[in-house]
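Encoded as structure tokens, the structure appears first; notes follow it.
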Amino acid sequence: MAEEQKEAKPKKRMTATKAAASIGPMVKEFITGTLQAKAEGKYKVAYTFIVCHHEEIFRALDVIPVWTENFAGICGAKRDAERFLQRAESLGFSRSLCTYALCGIGFDQWREELGQMPPEAPWGGQVRPDFMISSGQILCDPRSKWYQASQQFMPDVPIYNIDLPYPLFQENRDHREVLGYYHQYIVKQLRGLVAFLEEQTKKKMDYDRLRELVNLSDRTWNLIDETYKLRRAAPCPMGTGDAMNTMVPINFMMATQKAYDFFVDLKKELEEKIARGEGEVENEKYRLMWGGGLPAWYALNDFNYFNSKGASFPVETTYRMVAPLNEMDLPETKDPIEHLAWRWLGYWTFWYDKAKKRPGSEPDVERLINWIEEYKIDGVVMHEAFSCRTWHVGLIWQLHQLAKIYKPIPVYMIGKGGQKEKVYRELPSLILESDIIDITSYSEVDTRNKIDAFVETLESIQSNRAT
Amino acid sequence: MVFVLGIDIGSAQSKGVILDDQGSLGSFECASGGDFKLTAERMREELLSRAGRSVDDISRTVATGYGSKLVIFADEIKSDIVCLAKGVSSQLPTARTVIDIGDLYTKVLRTDGNGSVHSFILSGKCAGGSGRILQVIARVLQVRVDEIGELSLKSKKRVEFNTGCAVFAETEAISRLSQEVTKEDLLAGLHRALAAQINSLAERIGVEQEVAMVGGGARDAGLVQALKEIRGHDILVPPNPYMTAALGAAIIARESLTIQD
Amino acid sequence: MTKVVILNKGIIASIIGPTGPEQRRLANRVMEEALKQAALSIQEITFIVATGYGRINVPFADKQFTEITCHARGIVHLFPEARTIIDIGGQDVKGIKIDVSGKVIDFVMNDKCAAGSGRFIEVIADTLGVSLDTVGDLSLQSSHPATISNICTIYAQQEVAASLAEGVPLSDLLAGVHQSLADRICRMVNRLRVEQAVIVTGGGGKNRGLLQALSEQLGQEILVPEEPLITGALGAALMGKEIVEKARQNNTPLETKERILGAVEIL
Amino acid sequence: MGDKQSHIFDTVKNYYNNYGLRAKELKGEGKQFIGYVCSLVPLEIITASGCTPFRVRGSVHEPITRGDTLLETIVCPYYRSVFDLSVKGKYNFLSGLVIPHGCDSMVRSFSAWSYGLPFSYFHFVNIPSVCDESSLEFFDAELDAFRKSLEKFTGKAITEEHLRQAIRVHNENRDKVRALYEMRKADPPLISGTELTMTLTAGSSLPIEESNGLFDQILTEVKGRGKSPLKKGPRIFIDGACLDNIELIKLVEELGGNVVADTICNGARDHFPKTEMGGDPISALSRRYLGKINCPKTYRENKAGTFEGDIASRFGDIGAYTKEYKVEGAILYVYKYCDPFGFEVPARKAYYQSLNIPLLPLEDVYSSGTIGQLRTRVQAFLEMIG
């Protein structure tokens with residue numbers, strides 16, 4: 001494997017907000033921090049996954065999380081994932097598997113083989129962990145398998161695999177019937193995590209500190225929710241392209257003052273933009289929703305391309321990992337662990353009751369419908385990343401279901417008799433196909449052609465509007 | 001009287017239509033060749049001579065297709081999705097789903113009678129499910145592309161055929177022939193497999209009736225029949241189905257003039 | 001291509017002929033030529049082994065072996081030090097791992113996609129109007145290999161034609177094509193943990209441009225047999241010879257087909 | 001196989017080719033069939049409810065068309081095929097469907113199934129991803145919820161006695177499967193891999209008592225053979241997920257290998273582990289399905305602290321089977337886009353190497369169209385180990 005060619009560097013993406021522009025350096029600082037922590041040896045570093053909503057436990061025990069999905073995303077964004085993916089393939093992993101995991105495993109194996117970071121490792125590289133926290137959530141098989149596979153190359157690094165299920169939406173059942181034993185189980189799993197971390201760090205959990213951190217992240221949750229809801233304004237002050245950056249404090253920095261402060265600043269910036277009538281797009285013609293899927297990290301510029309056609313993205317279902325806590329109806333408890341478990345369940349079941357009320361709906365579809373209304377959406381864009389089933393299976397079904405139960409656009413069209421008649425049209429949608437970080441799956445020409453055709457579609461619907 | 005041009009430079013074939021207020025004055029089709037700029041020039045000349053007009057008579061030209069960016073004299077470039085919808089709506093206003101089988105890509109779109117597109121999908125990263133495979137097979141069987149439809153319809157026992165890769169379809173066909181499979185049965189198998197692949201693509205955006213088939217692939221009666229069988233209902237094919245995108249481009253050119261007026 | 005090797009103590013005939021839609025009849029014809037070269041009649045041949053993609057279509061073969069076994073056998077005969085074999089044919093690319101005793105211990109093959117096979121270069125060479133014999137040397141003249149971004153052969157063909165029209169030099173395009181194919185091949189054979197000596201055989205062994213790209217990407221020196229096209233047929237002949245010798249040793253009868261080389265009707 | 005096909009294997013073939021034949025007949029007599037996918041659905045609870053569990057199958061011969069309307073093509077081709085046949089109405093005789101948390105695709109597609117198919121009963125069984133005491137407790141509760149949902153559907157209570165009785169007959173079924181596998185130990189085996197897989201597949205479409213009866217008849221038939229109908233050849237082991245079409249096994253046997261053992265879902269993985277009798281039946285079931293079914297979906301902690309020790313404990317059952325059945329070569333057959341198995345391929349390879357058993361890893365797409373490609377690989381592999 002002498003030839004580890006890098007792809008050409010992408011053009012820098014233009015952000016609509018100052019806040020989003022500040023994320024790059026923040027991530028870099030974060031990664032440098034993990035390398036430094038490891039070198040100093042004062043704190044333990046742990047591989048782990050985002051959206052498990054228990055980072056407070058790490059922070060209370062001064063464990064430094066290394067978000068391995070994030071590192072793979074960085075390799076992708078820098079168009080430098082291919083050499084790690086190829087390495088994983090050489091080890092016998094199929095390219096059809098989660099490419100985040102393949103990139104991480106390829107990188108780790110290389111680092112372990114060399115006894116040092118691979119040459120020109122992005123942003124200094126991914127540090128060797130002291131231990132790994134897998135997460136067998138209800139979703140994401142690769143999360144359960146990734147670290148187990150990595151252990152082949154670092155068998156001395158222990159794993160704690162925490163199971164965090166939630167009850168799946170079932171039309172014929174009230175999920176509250178089963179929440180009790182789900183909660184009990186999650187509490188036990190979280191306590192197991194605490195015990196594992198205590199053993200690894202040789203520290204005792206300070207529950208007062210944990211309670212404070214949980215309180216801090218609860219406040220941050222609500223603040224994020226308020227901030228993001230500002231994007232309902234027309235023109236929309238911040239789009240999904242920026243949100244793919246501002247997901248960093250949400251997912252990597254929860255339970256830190258820095259994350260809270262970040263959203264204080266962002267909220268202020270958005271309020272100011274709204275007051276000035278300033279939008280993500282200068283002349284906002286179409287408001288689109290990023291309705292599903294992780295982005296192609298090497299092609300975030302496509303958001304600028306949408307913007308250049310007058311399309312803004314006021315809302316996305318991806319990485320918006322909060323829901324207003326006061327609307328979740330969480331049982332009161334003084335025990336922070338119990339609270340974390342309730343918050344986890346509350347988050348995942350947030351749309352269940354609403355979905356029950358609308359025949360044919362289900363939580364993800366319900367969220368689409370609600371946000372289409374709240375954010376005045378003209379079209380839905382989704383991304384189908386071939387290597388990730390976790391977030392990309394079920395999307396076309398959601399669109400299908402959406403079309404069945406939601407037909408809000410009245411347009412004139414020619415019926416069988418050749419007469420013009422008023423009908424209700426489903427929301428137009430676009431599915432982009434490529435991958436999160438495997439750039440060989442992506443064609444800029446094809447993607448832009450699709451975007452062109454989609455925008456022409458939006459245009460023709462607008463001109464045929466019945467009202 | 002206004003005159004407009006619609007020019008569709010495809011990866012294999014280029015198509016053009018010249019319209020006036022009343023309708024088509026003529027159309028032309030030729031191989032795209034390697035130099036799309038030159039092909040576009042030639043296309044314009046041919047169309048003008050067919051209509052007995054000169055360059056100055058043309059009020060507007062819309063280009064579409066794979067090589068549309070190289071039609072330097074075009075006033076506007078439109079995606080073939082929109083042109084297809086427009087073209088089909090003018091010929092078959094009841095069509096709600098359009099399947100275009102081109103040389104490199106297969107495209108499916110949903111439309112209304114006005115030529116508005118409501119959703120669309122393109123085939124993936126590989127030419128396996130496109131019209132190219134038909135040409136490849138025609139060469140192996142030493143028949144003309146326009147003969148394979150009729151041949152296929154004569155089959156009594158189609159074979160199971162795998163259409164993974166358009167290049168390897170050739171070798172697969174060769175090996176099938178050596179297993180004493182007839183041309184007819186082989187073609188029927190190919191059409192069935194290709195139709196299944198195309199149908200599967202179409203199903204991903206949901207198929208609403210009626211269904212129209214256009215593009216070079218719609219000239220193949222065997223493929224149309226195979227798709228009918230898989231879908232279990234009739235499929236509309238407009239006259240000169242390969243001209244649809246060019247026609248749509250010309251209509252768009254004419255419409256944008258009316259709006260400007 | 002259809003190849004025939006006739007073996008006695010050494011090679012007494014070796015012929016390469018084209019493979020077309022009518023494989024069986026051609027197998028006949030190439031066989032006839034080889035017999036002529038060896039001055040033998042078909043009745044005098046003790047045992048016939050067929051291999052390759054069309055192995056089941058050779059009606060007069062006494063036994064069939066896959067090309068993996070045969071290539072390995074042929075290569076080990078020529079290069080006893082071989083540990084990794086990369087066979088680059090028009091249909092398939094195979095990586096074969098050999099142990100010290102010359103036994104196959106592992107192998108990989110490409111999927112049914114032309115992007116990782118010799119066909120990729122054939123199609124592109126055809127598009128560029130260059131003969132297959134010259135693509136290797138032409139590409140070695142390039143100092144700035146072009147990037148071929150499409151994986152699908154048909155799309156790459158289109159991409160190459162467009163680049164050529166834009167004035168990208170032929171040699172750069174060919175170098176890019178070789179790098180693209182070498183990349184696909186490396187990805188596959190790296191699964192075997194490539195070890196020295198590495199032998200490239202099959203049609204790809206004749207292409208110097210591809211060999212250089214492969215050697216660079218693998219970071220390994222590459223050896224090529226003098227006549228890379230016949231190693232499979234040679235291996236098949238060697239396998240046949242072994243069967244004959246074994247039968248003689250054990251005094252068991254040889255199971256053979258009727259020695260008829262009549263033309264076969266193809267529908 | 002001899003020239004004379006016995007009557008009982010004709011029956012098996014008929015059930016295999018006309019999958020669901022018996023279910024359609026029995027439906028007419030008022031029997032309710034509940035479909036399931038994956039080995040992780042506790043069949044005993046369905047049987048105890050008075051319904052009959054029915055394993056929903058795919059077909060490698062049928063191109064996937066309708067299913068793509070509702071399910072992405074990045075799902076493993078096996079599951080896509082199962083879904084496609086279902087939405088085409090092939091299993092419309094079922095009264096309900098149970099999907100477990102076997103993989104992401106099962107979770108993410110549950111809504112598509114439950115809204116897209118005309119059954120009156122749907123249920124999702126959550127399966128923990130880890131196996132410790134608290135997971136077993138949780139799983140007890142989850143299985144109890146499953147029991148209650150079935151009670152609601154049938155309107156009849158499922159008592160402990162019903163459950164015990166169901167456990168008994170399902171265990172009997174597993175004993176019979178073991179006895180059939182015993183017939184493979186002879187060299188050449190008395191029953192071919194093709195026959196056995198067909199038999200087990202047919203069995204998964206029948207009420208458990210009928211399945212027991214069928215297996216008994218097959219056993220009698222095979223025992224009566226005395227001499228094997230097969231030729232000696234390399235003894236092959238099949239590793240992988242669900243292989244409910246016999247094409248691969250048939251191919252191996254056509255090319256001269258004998259398939260003698262496996263760890264596939266519709267083989268040993270599903271049929272070997274038994275449920276403990278006595279004690280709380282729900283708890284016994286949760287221990288069988290979570291603890292004893294060795295599926296890559298369930299994470300098991302590396303207690304050895306070494307890679308070699310870890311794979312020895314994770315894949316120990318494979319080692320035991322390969323010894324017991326005197327295996328000479330193994331085929332690891334994995335579907336494209338299968339994350340649970342896919343991430344284990346290097347570790348499994350390493351394990352076979354530690355056993356000194358040559359391995360042929362295959363990644364496939366669940367279509368008869370790839371048989372040609374598989375043929376060369378399998379033949380070369382047999383030549384390699386032969």
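Per chain, numbering begins at 1; letters A, B, ... match sequence-line order.
Under a 4.0 Å N-O distance rule, the pair A/D353/A/K357 does not qualify as a salt bridge. Taking the charged nitrogens against the carboxylate oxygens, D/R314 and D/D310 do have a contact shorter than 4.0 Å, which makes a salt bridge. Using a 4.0 Å cut-off between charged nitrogen and carboxylate oxygen, D/R108 and D/E72 do not count as a salt-bridge pair. Residues A/D156 and A/R128 are paired through a salt bridge, judged by an N-O separation under 4.0 Å between the basic side chain and the carboxylate.
Between the side chain of D/D84 and the backbone N or O of D/T65, at least one donor-acceptor pair lies under 3.5 Å. A donor-acceptor pair is defined here as one N or O able to donate and one able to accept, closer than 3.5 Å; such a pair exists between the side chain of A/E362 and the backbone of A/D364. Of the possible polar contacts, none joining the A/H383 side chain to the A/I436 backbone as a donor-acceptor pair under 3.5 Å is found. Although no hydrogens or angles enter the test, the distance criterion places a donor-acceptor pair under 3.5 Å between the side chain of A/T317 and the main chain of A/G291. In terms of modelled atom types and a separation under 3.5 Å, the side chain of D/S39 and the main chain of D/C265 share a donor-acceptor contact.
Looking at A/S150, neither its backbone nor its side chain comes within 4.5 Å of chain D, counting heavy atoms on both sides. When heavy atoms are compared at a cutoff of 4.5 Å, D/S111 approaches chain A by way of both its backbone and its side chain. Heavy-atom distances place no part of A/Q184 under 4.5 Å from chain D, backbone and side chain included. Neither the backbone nor the side chain of D/R348 comes within contact range of chain A, judged by heavy atoms closer than 4.5 Å. Both the backbone and the side chain of A/Y182 come within less than 4.5 Å of a heavy atom in chain D. Within the 4.5 angstrom heavy-atom criterion, atoms from both the backbone and the side chain of A/L395 approach chain D. With a 4.5 angstrom heavy-atom cutoff, A/A385 touches chain D only via backbone atoms. Heavy atoms of A/F153 lying under 4.5 Å from chain D are absent altogether. With a 4.5 angstrom heavy-atom cutoff, D/K152 touches chain A only via side-chain atoms. A/Q398 touches chain D through its side chain: at least one heavy atom from C-beta onward sits under 4.5 Å away, while N, CA, C and O do not. Residue contact with chain D, scored on non-hydrogen atoms closer than 4.5 Å, involves the side chain of A/E171 exclusively. Only the side chain of D/D132 comes within contact range of chain A, judged by heavy atoms closer than 4.5 Å. Contact of D/S149 with chain A is not made at all, since no heavy-atom distance falls under 4.5 Å. If you measure heavy-atom distances from D/F110 to chain A, the contacts under 4.5 Å come from the side chain alone. Looking at D/F138, both its backbone and its side chain come within 4.5 Å of chain A, counting heavy atoms on both sides. Interface residue A/R173: only side-chain heavy atoms are found under 4.5 Å from chain D.
With respect to chain A, the highest number of heavy-atom pairs below 4.5 Å among D/T69, D/D140, D/V75, D/N126 belongs to D/N126. Counting heavy-atom pairs closer than 4.5 Å to chain A, the top residue among D/S105, D/C103, D/G309 is D/C103. Interface check for chain A: of the options D/N302, D/T306, D/T73, D/T298, the most heavy-atom pairs under 4.5 Å are formed by D/N302. Residue with the most contacts toward chain D among A/P142, A/P165, A/A149: A/P142 (heavy-atom pairs, distance under 4.5 Å). No other option in A/I159, A/L102, A/D163 has as many heavy-atom pairs under 4.5 Å with chain D as A/D163. When each of A/V178, A/L91, A/L97 is checked for heavy-atom pairs under 4.5 Å with chain D, A/L97 comes out on top. Heavy-atom pairs under 4.5 Å with chain A were tallied for D/E344, D/E133, D/K349; the largest tally goes to D/E344. Of the listed residues A/K188, A/H400, A/Q170, the one with more heavy-atom pairs under 4.5 angstrom with chain D than any other is A/Q170. Between chain D and the residues A/I162, A/V365, A/L168, the largest count of heavy-atom pairs under 4.5 Å involves A/L168. Contact tally against chain A (heavy-atom pairs below 4.5 Å) for D/V334, D/V107, D/I127, D/V345: the top residue is D/V107. When each of D/P128, D/P296, D/A112 is checked for heavy-atom pairs under 4.5 Å with chain A, D/A112 comes out on top.
With contacts defined as side-chain heavy-atom distances shorter than 4.5 Å, the pair A/S96/D/E363 qualifies.
Under 3.5 Å, the side chains of A/Q189 and D/S134 contain a donor-acceptor pair of N or O atoms. No side-chain N or O of A/T99 forms a donor-acceptor pair with one of A/D438 less than 3.5 Å apart.
With A/E366 as the partner, the side chain to side chain donor-acceptor pair (under 3.5 Å) test is satisfied by one option alone out of A/R358, A/K354, A/K356: A/R358. Under the side chain to side chain donor-acceptor pair (under 3.5 Å) test applied with A/Y147, the options A/T48, A/N161, A/T68, A/D108 reduce to a single match, A/T68.
Atoms CZ and CZ, from A/R143 and D/F343 in turn, are 12.5 Å apart once rounded to the nearest 0.5 Å. Taken from CG in D/L136 to CD in D/E142, the straight-line distance is 13.5 Å, to the nearest 0.5 Å.
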